[in-house]
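Note sheet for the following structure.
Worth saying up front: this structure is predicted, and the values here are computed from it rather than measured.
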Amino acid sequence: MSSIDRNRNLPSPIGTGARQGLEKTPSTVAPTPNTVKPPVAGTAKAPAAKSDAFLAPTAQPLSLSGTGKPKEKELDGMLVGAGGQVFAPGTPLSQIPGVTPRNNPNPDKTIIYVNGILTPLANQSSDLQAIADKSGAKAIGIHNSTGGAIADLAQCVKDKLDKGKNPAVDTLADTVYSEIKAGRQVSLMGYSQGGLITARALFDVQNRLRIEDGMSKADVEKTMGRVNVETFGAASTKYPDGPQYVHYINNRDAVPTLTGLGGSFDPLSFLKDAGKGAVVHRFGDGGLNLVKNHSIQETYLKHRVPFEQARANQF
């Protein structure tokens, strides 16, 4: 866990709007297609890693409640691998068996994905498979648990204000900090509230580099330049400078247009900050089905192109 105190009122550049889930309710975890069944053994802790490379997985997954079906509230901030297996925060990425593309069991790139509201573990596992297939990379999740619509939206507000503890924020911030301090590149994807969590975590990393490591503003931006970020229908209005960003916004999706960076016409655009040098790709897709318009699998991933291509504005 980062030594940045999540309950401390640090100055927050994150804007106002809506976010997703802190109090969590139990839900049944089901295996998704083309994955292995979640573990049913007793709790085991992951061993420490000694290598900087993405090696064969050796970490032991957790069975948090001892029943083989972890409760949703127990999963908040956990790392998620293939088959819905969950791993303790701090487990080296190299030791997590991520979800791989169906046509490539040995990808050379890893993407860390944070889900949105109302998303139980099985649904995030499905998204991880779709992301792996689309990107050609191994996908590892950081789980943002759901406690239902009201609790999720309440936590969104807290995330916007940078108030309260959010385990998914802590896990992502610690993971990014560890990776970039080791000199490695990091690729992130954040969907809906997951984009808000990503922004909050990146601001935490920025504060940690500046306050704890004593870096100058220029050095912080240079260090955070190792982070590639893609957001889809995200609910954040502000992102720190340094990372390389591509933001996907469906003009027919109420979440990013009302609570995020805004649509093609946005009279409040002067209050928002996509991050220095960010590429914002706005498009119009969908009809009256607001759920589909916001769907990562049915809408956003269909518009996603390889990261470097997107950074060159080639959509």
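- A donor-acceptor contact shorter than 3.5 Å links the side chain of Ser236 to the backbone of Lys238.
- The cluster map of Ile, Leu, Val, Met, Phe, Trp and Tyr, joined by side-chain heavy atoms under 4.5 Å apart, puts Leu301 and Phe315 in the same cluster.
- Pairs of residues two or more places apart, or lying in two chains, that qualify as salt bridge (charged side-chain N to carboxylate O under 4.0 Å, His left out) and include a residue from residues 289-315 are Glu230-Arg304.
- Without hydrogens or angle criteria, Gln95 side chain to Pro92 main chain gives no donor-acceptor distance under 3.5 Å.
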Next item on the list: For the pair His281 and Asn313, evaluate side chain to side chain contact (heavy atoms under 4.5 Å, CB included) and give the outcome as yes or no after the intermediate values.
Entry: CA-CA 8 Å; His281 178 52; Asn313 264 305; over 6 Å; no

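- Listed by first and then second residue, the ring-ring contact (aromatic ring centres under 6.0 Å, His included) pairs involving residues 97-127 amount to none (not counting sequence neighbours).
- When all heavy atoms of Leu93 and Lys138 are compared, the closest pair comes out as O-NZ, 4.0 Å.
- Note that the CG atom of Asn115 and the CG atom of Leu121 stand 9.0 Å from one another [nearest 0.5 Å].
- Remark: Asp213 engages Lys181 in a salt bridge (Lys or Arg N to Asp or Glu O under 4.0 Å) (not counting sequence neighbours).
- In this structure, Asp162 and Arg200 have side chains that are in contact, with non-hydrogen atoms separated by less than 4.5 Å.
- Among residues two or more places apart in sequence or in another chain, the ring-ring contact (aromatic ring centres under 6.0 Å, His included) test is passed with His143 by none.
- Here Lys134 does not pair with Asp127 in a salt bridge; the nearest charged N to carboxylate O distance is not below 4.0 Å.
- Between Ile142 and Ile197 there is no side-chain heavy-atom pair separated by less than 4.5 Å.
- The salt bridge (Lys or Arg N to Asp or Glu O under 4.0 Å) check on Asp241 picks up nothing, with sequence neighbours excluded.
- Heavy atoms only, all atoms of each residue included: Gln297 and Ser126 are closest at NE2-OG, 3.0 Å.
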Checklist line | Candidate pair Met224 and Gln206, rule side chain to side chain contact (heavy atoms under 4.5 Å, CB included), full reasoning | finding: CA-CA 8 Å; Met224 293 187 72; Gln206 181 187 68; 3.8 Å; yes

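- Across all their heavy atoms, Leu128 and Ala139 have their closest contact at O-CB, 3.6 Å.
- Taking the six-membered ring for Trp and the full ring otherwise, Tyr300 and Tyr248 have centroids separated by 6.0 Å or more.
- Scored by the side chain to side chain donor-acceptor pair (under 3.5 Å) test, Thr231 finds His247 as partners (sequence neighbours excluded).
- Note that the CD1 atom of Ile140 and the OG atom of Ser187 stand 11.5 Å from one another [nearest 0.5 Å].
- Residues Val255 and Gly233 approach most closely at CG1-O, 3.4 Å, considering heavy atoms.
- To the nearest 0.5 angstrom, Asn144 atom CG is 13.5 Å from Met78 atom CE.
- Looking at Leu261 and Ile249, their side chains come closer than 4.5 Å, going by heavy atoms from C-beta outward.
- Interatomic distance, CG of Asn293 versus CZ of Arg252, reported as 7.5 Å (0.5 Å rounding).
- Side-chain atoms of Asn228 and Gln244 include no donor-acceptor pair closer than 3.5 Å.
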Next item on the list: Please lay out, stage by stage, how Asp170 and Lys165 fare under the test side chain to side chain contact (heavy atoms under 4.5 Å, CB included).
Entry: CA-CA 8 Å; Asp170 294 340; Lys165 180 179 177 60; 2.9 Å; yes

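- Tyr239 and Ala274 get closest at one heavy-atom pair: CB-O, 3.8 Å.
- Put simply, the side chain of Phe232 does not reach to within 4.5 Å of the side chain of Ser295, judged on heavy atoms.
- By the side chain to side chain donor-acceptor pair (under 3.5 Å) test, Asn289 pairs with no residue at all, sequence neighbours left out.
- Residues Pro240 and Tyr245 share a closest heavy-atom pair of O-OH, 2.6 Å.
- Alongside Phe265, the hydrophobic cluster contains no other residue (criterion: ILVMFWY side chains under 4.5 Å).
- In this structure, Leu188 CG and Glu179 CD are separated by 10.0 Å, a value rounded to the nearest 0.5 Å.
- Sequence neighbours left out, the pairs with a member in residues 266-286 that pass salt bridge (charged side-chain N to carboxylate O under 4.0 Å, His left out) are Glu221-Lys276, Asp266-Lys272.
- Side-chain contact of His294 with Thr299: a donor-acceptor pair under 3.5 Å is absent, judged by distance alone.
- At a threshold of 4.5 Å between non-hydrogen side-chain atoms, the residues Met215 and Thr223 count as touching.
- Remark: Ile296 CD1 to Gln124 CD distance equals 10.0 Å, nearest 0.5 Å.
- Of the possible donor and acceptor atoms, one in the side chain of Thr119 sits under 3.5 Å from a partner among the backbone N and O of Gly116.
- With contacts defined as side-chain heavy-atom distances shorter than 4.5 Å, the pair Asp204/Leu202 does not qualify.
- Within the 4.5 Å cutoff, the side chain of Ile112 has no heavy atoms near those of the Met189 side chain.
- A donor and an acceptor atom, one from each side chain of Thr146 and Glu72, are nowhere located under 3.5 Å apart.
- When side chains are defined from C-beta on, Leu172 counts as touching Val176, because their heavy atoms get closer than 4.5 Å.
- The hydrophobic cluster containing Leu268, built from Ile/Leu/Val/Met/Phe/Trp/Tyr side-chain heavy atoms closer than 4.5 Å, also comprises Phe270, Leu271.
- Applying the side chain to side chain donor-acceptor pair (under 3.5 Å) criterion to Asn251, with sequence neighbours excluded, gives Ser264.
- In this structure, the ring-ring contact (aromatic ring centres under 6.0 Å, His included) partners of His303, at least two apart in sequence or on a different chain, are Phe283.
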